[in-house]
Amino acid sequence: QVQLVESGGGLVQPGGSLRLSCAASGSTFSIYVMGWYRQAPGKQRELVALITSGGSTNYADSVKGRFTISRDNAKNTVYLQMNSLKPEDTAVYYCNVAGGVPLSWGQGTQVTVSS
């Protein structure tokens, strides 16, 4: 099994930056396509970025050019660098596998972008 723990969220002003981390336990991390998801109040959970085991990435149009997903398989960690943050980025951010059946959702980490 793989357990995922998100961290790095916080309160930032518009235009600010944050880096989220997703630490995974287990020995099969490297085979997963990993994604960062977010859910804002009143909205569906959405996939904002994914990264394959080989390092290829894809982004939702809403974050393209501002967010960067990366992974360090040796450290069993996935990152999301978020720049030029906007109020509409405010959400709880989660990591999980992208595609197939997701693992159990963790607590996520709250990102609030506000003046």
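Numbers here simply count residues along the sequence, with the first being 1.
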State whether the side chain of [X] and the backbone N or O of [Y] hold a donor-acceptor pair below 3.5 Å, judged by distance alone.
| X | Y | answer |
| --- | --- | --- |
| E6 | C95 | yes |
| T77 | A23 | no |
| T109 | G9 | yes |
| R71 | V33 | no |

Please tell me if the side chains of [X] and [Y] come closer than 4.5 Å, counting only heavy atoms from C-beta onward.
| X | Y | value |
| --- | --- | --- |
| L103 | L4 | yes |
| Q3 | V5 | no |
| S30 | S53 | no |
| P87 | S114 | no |

Are V111 and V48 joined in one hydrophobic group, where the rule is that I, L, V, M, F, W and Y side chains link up if heavy atoms are under 4.5 Å apart?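 Yes, same cluster.
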>> Is there a path of hydrophobic side-chain contacts, each under 4.5 Å between heavy atoms of I/L/V/M/F/W/Y residues, joining V92 to V113?
In response: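 No, it is not one cluster - the side chains of V113 and V92 are not joined through contacts under 4.5 Å.
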Rounded to the nearest 0.5 Å, what's the gap from [atom1] on [X] to [atom2] on [Y]? Could you check?
| X | Y | atom1 | atom2 | answer |
| --- | --- | --- | --- | --- |
| L47 | N96 | CG | CG | 10.0 Å |
| S70 | I51 | OG | CD1 | 6.0 Å |
| C22 | Y79 | SG | OH | 10.0 Å |
| I69 | L80 | CD1 | CG | 6.0 Å |
| T52 | I31 | OG1 | CD1 | 13.0 Å |
| T90 | K43 | OG1 | NZ | 10.5 Å |

### Residue from L20, V12, D89 passing side-chain contact (heavy atoms from CB on, under 4.5 Å) with M82
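Running side-chain contact (heavy atoms from CB on, under 4.5 Å) over L20, V12, D89 with M82 returns exactly one hit, L20.
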Only counting residues at least two apart or in another chain, list the ones meeting salt bridge (Lys or Arg N to Asp or Glu O under 4.0 Å) with [X].
| X | result |
| --- | --- |
| E46 | R38 |
| K75 | none |
| R19 | none |

task: Count the heavy atoms of every other residue, nucleotide or ligand shown that sit under 6.0 Å from CD of Q107, and state whether that count exceeds 12.
output: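 At most 12 heavy atoms, drawn from other residues, nucleotides or ligands, come within 6.0 Å of this atom.
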Any ring pair (Phe, Tyr, Trp, His ring centres under 6.0 Å) involving residues 85-112? Give me the pairs, sequence neighbours left out, ordered by first then second residue.
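Residue pairs with at least one partner in residues 85-112: Y37-W105, Y94-W105.
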Subject >> Heavy-atom closest pair, residues N83 and S17 >> reply: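 N83 and S17 have their closest heavy atoms at OD1-OG, 2.9 Å.
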Applying side chain to side chain contact (heavy atoms under 4.5 Å, CB included), run through M34 and L50 and close with a yes or a no. CA-CA 5 Å; M34 297 298 300; L50 67 81; over 6 Å; no
Going by side chain to side chain donor-acceptor pair (under 3.5 Å), name the residues that satisfy it together with S84, two or more places apart in sequence or in a different chain.
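Once residues adjacent in sequence are excluded, S84 has no partner under the side chain to side chain donor-acceptor pair (under 3.5 Å) criterion.
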Requested in this report: Please name all residues satisfying ring-ring contact (aromatic ring centres under 6.0 Å, His included) with F67, sequence neighbours left out, ordered by chain then number.
Outcome: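 Not a single residue meets the ring-ring contact (aromatic ring centres under 6.0 Å, His included) criterion with F67.
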